[in-house]
*Asks:* 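Below is a structure I'd like to ask you about.
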2 protein chains.
Amino acid sequence: MSRSQSSQALEAAERLCQERGERLTPIRKRVLELVLGWDGPVKAYDLLEALNPEAGTAKPPTVYRALDFLMGLGLVHKVEALNAFVGCTHSHDEGGAELFICSDCGTVEERHGSATPTNAPEGFKIDRSVIEHFGHCRNCTH
Amino acid sequence: MSRSQSSQALEAAERLCQERGERLTPIRKRVLELVLGWDGPVKAYDLLEALNPEAGTAKPPTVYRALDFLMGLGLVHKVEALNAFVGCTHSHDEGGAELFICSDCGTVEERHGSATPTNAPEGFKIDRSVIEHFGHCRNCTH
DNA sequence: TCGCCAGTGTTACTAAATAACGTATCGGAA
DNA sequence: TTCCGATACGTTATTTAGTAACACTGGCGA
């Protein structure tokens with residue numbers, strides 16, 4: 001993610017927290033910065049490592065709590081198939097993201113598709129959808 | 001999954017292995033039986049536990065190897081968001097499944113939707129898609 | 001009969017995530 | 001001001017998930 005996108009997302013996060021009466025504490029902000037600045041999806045334990053030279057004593061719950069918080073605000077998405085996390089620059093109120101993940105360069109594109117699939121079982125009420133496409137992005141198919 | 005579905009799936013597995021020159025060994029068959037007979041998605045370590053009274057000394061690689069084999073044949077799918085596995089009674093040659101998972105009763109419905117989403121980034125070539133919908137099935141919304 | 005190879009056994013380890021509980025800080029009510 | 005409750009964070013320990021690496025075996029073809 002580019003620097004400008006990243007800082008925009010940070011500002012958006014500040015605003016979002018203000019609106020909702022949530023606190024973007026230093027740890028949370030730092031984790032968000034790291035996720036946004038990371039090249040591709042990032043593992044929780046890599047975040048932990050990145051966090052530690054500065055924070056010193058961060059342990060798994062620290063980073064998982066921050067990630068949970070950020071996911072709650074929709075600022076970070078989890079890539080379930082990778083056990084990894086990606087930053088999100090979209091302003092999406094509701095609804096899940098549809099992720100396109102390049103297996104070569106690791107970049108993740110996010111789209112917001114139609115919430116309801118055409119072929120759901122009758123009467124099935126969807127709460128949350130996980131949609132992750134793995135393949136090769138435009139740059140990597142050349 | 002009902003008993004008849006389960007035994008049909010087992011027969012289909014036998015046939016499929018025959019066709020492909022693969023061997024449905026006792027362990028693989030037993031794991032498939034367990035997955036098919038399980039009530040909802042099953043965790044690898046639960047399979048391991050279920051396996052052990054009989055096999056005695058099964059260890060993680062045993063069950064993961066069997067699951068990998070069965071997934072390769074499309075007889076089992078992994079639910080990425082749950083780190084769990086479900087049996088598959090469909091005969092689908094290619095293409096990923098779309099799963100509808102009831103958070104109440106745990107049942108999983110499998111559909112095979114349109115392979116290509118309408119809103120993929122330009123030039124993105126999809127290899128594999130993970131599509132998992134969580135919610136409430138018809139029976140559990142009443 | 002030899003040697004390969006797929007399948008399995010086994011040990012050990014890495015990675016991912018959470019439970020449970022203690023501590024600090026801050027803002028509002030008494 | 002003091003106390004209280006809530007929220008966030010620190011810390012220890014444990015559980016859950018998955019894999020690497022190597023040894024062994026039994027069948028099958030040369």
Side-chain angles (χ1 to χ4, degrees), chain A residues 13-14 16-32 34-35 38 40-73 75-86 130 132, chain B residues 13-14 16-32 34-35 38 40-73 75-86 130 132:
Chain A
E14 303 268 20
L16 193 59
C17 285
Q18 207 99 64
E19 281 172 29
R20 304 208 187 176
E22 301 278 7
R23 292 162 44 189
L24 191 63
T25 63
I27 292 181
R28 290 168 175 174
K29 188 173 177 181
R30 189 70 192 107
V31 168
L32 180 56
L34 284 168
V35 173
W38 212 271
V42 54
K43 305 273 192 169
Y45 277 67
D46 288 339
L47 283 175
L48 197 55
E49 240 182 274
L51 219 47
N52 264 342
E54 23 190 278
T57 59
K59 279 154 195 75
T62 303
V63 65
Y64 280 107
R65 285 196 279 234
L67 287 170
D68 283 345
F69 174 84
L70 296 168
M71 284 193 289
L73 260 54
L75 298 167
V76 164
H77 297 300
K78 179 170 186 185
V79 186
E80 296 286 354
L82 296 179
N83 294 327
F85 302 85
V86 291
V130 172
E132 300 169 0
Chain B
E14 303 267 19
L16 193 59
C17 285
Q18 207 99 63
E19 281 172 30
R20 303 207 187 178
E22 301 278 9
R23 292 164 40 187
L24 191 63
T25 63
I27 292 181
R28 289 168 176 175
K29 187 173 177 180
R30 188 72 191 106
V31 169
L32 179 56
L34 284 168
V35 173
W38 212 271
V42 54
K43 304 273 192 170
Y45 278 67
D46 288 339
L47 282 175
L48 197 54
E49 241 182 274
L51 219 47
N52 265 343
E54 22 189 284
T57 58
K59 280 155 194 76
T62 302
V63 66
Y64 280 107
R65 285 196 280 233
L67 287 170
D68 283 345
F69 174 84
L70 295 168
M71 283 194 289
L73 260 54
L75 297 167
V76 164
H77 298 300
K78 180 169 185 185
V79 186
E80 296 286 354
L82 297 179
N83 293 328
F85 302 85
V86 291
V130 172
E132 300 168 0

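Per chain, numbering begins at 1; letters A, B, ... match sequence-line order.
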*Asks:* If the condition is side-chain contact (heavy atoms from CB on, under 4.5 Å), which residues does D46(A) pass it with, not counting sequence neighbours?
*Replies:*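 With sequence neighbours excluded, D46(A) shows a side-chain contact (heavy atoms from CB on, under 4.5 Å) to W38(A), V42(A), K43(A), E49(A), given in chain and number order.
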*Asks:* Enumerate all atom pairs, one protein N or O and one N or O from nucleotides 5-7 of chain C, separated by less than 3.5 Å.
*Replies:*
from	atom 1	to	atom 2	distance (Å)
dG7(C)	OP1	R28(B)	NH1	3.1
dG7(C)	OP1	R28(B)	NH2	3.4
dG7(C)	O5'	R28(B)	NH2	3.4

*Asks:* Can you list the residues that meet the side-chain contact (heavy atoms from CB on, under 4.5 Å) rule with Q18(B), with sequence neighbours excluded?
*Replies:* none
*Asks:* Side chains of L70(A) and V35(A): closer than 4.5 Å at any heavy-atom pair?
*Replies:* no
*Asks:* Looking only at heavy atoms, which two atoms of I27(A) and A66(A) are closest? And how far apart?
*Replies:* CG2-CB, 4.4 Å
*Asks:* Side-chain contact test, heavy atoms from C-beta onward, threshold under 4.5 Å: evaluate it for L24(A) versus L73(A) and give yes or no.
*Replies:*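 Answer no - side chains too far apart.
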*Asks:* Is any side-chain heavy atom of V86(B) less than 4.5 Å from a side-chain heavy atom of K78(B)?
*Replies:* no
*Asks:* Quick one: bend of the helix from dT1(C)-dA30(D) to dA30(C)-dT1(D) from 5 pairs per end, to 10°?
*Replies:*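 Result, rounded to 10 degrees: 10°.
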*Asks:* List the residues meeting side-chain contact (heavy atoms from CB on, under 4.5 Å) with R23(A), not counting sequence neighbours, and say none if there are none.
*Replies:* T25(A), R28(A)
*Asks:* Search all heavy atoms of A13(A) against all heavy atoms of L32(A) and return the closest pair with its distance.
*Replies:* CB-CD2, 3.5 Å
*Asks:* Taking protein heavy atoms under 4.0 Å as touching, what does nucleotides 15-24 of chain C look like 5' to 3' if B marks base contact, S marks sugar-phosphate-only contact and - marks none?
*Replies:* -BBBB-----
*Asks:* First and last nucleotide of DNA chain D touching chain B, 5' to 3', heavy-atom cut-off 4.0 Å?
*Replies:*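 Span of nucleotides near chain B: dA17(D) to dA20(D).
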*Asks:* Would the distance check show the side chain of E132(B) and the main-chain N or O of A81(B) forming a donor-acceptor pair, the cut-off being under 3.5 Å?
*Replies:* yes
*Asks:* In chain order, what residues pass the salt bridge (Lys or Arg N to Asp or Glu O under 4.0 Å) check against E14(A), with sequence neighbours excluded?
*Replies:* K29(A)
*Asks:* Counting C-beta onward and ignoring hydrogens, is there a side-chain heavy-atom pair between V76(A) and V31(A) closer than 4.5 Å?
*Replies:*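 Sidechains of V31(A) and V76(A): no contact.
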*Asks:* Can you name the closest pair of heavy atoms from L51(A) and R30(A) and give their distance?
*Replies:*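 Minimum heavy-atom separation between L51(A) and R30(A): CD1-CG, 3.8 Å.
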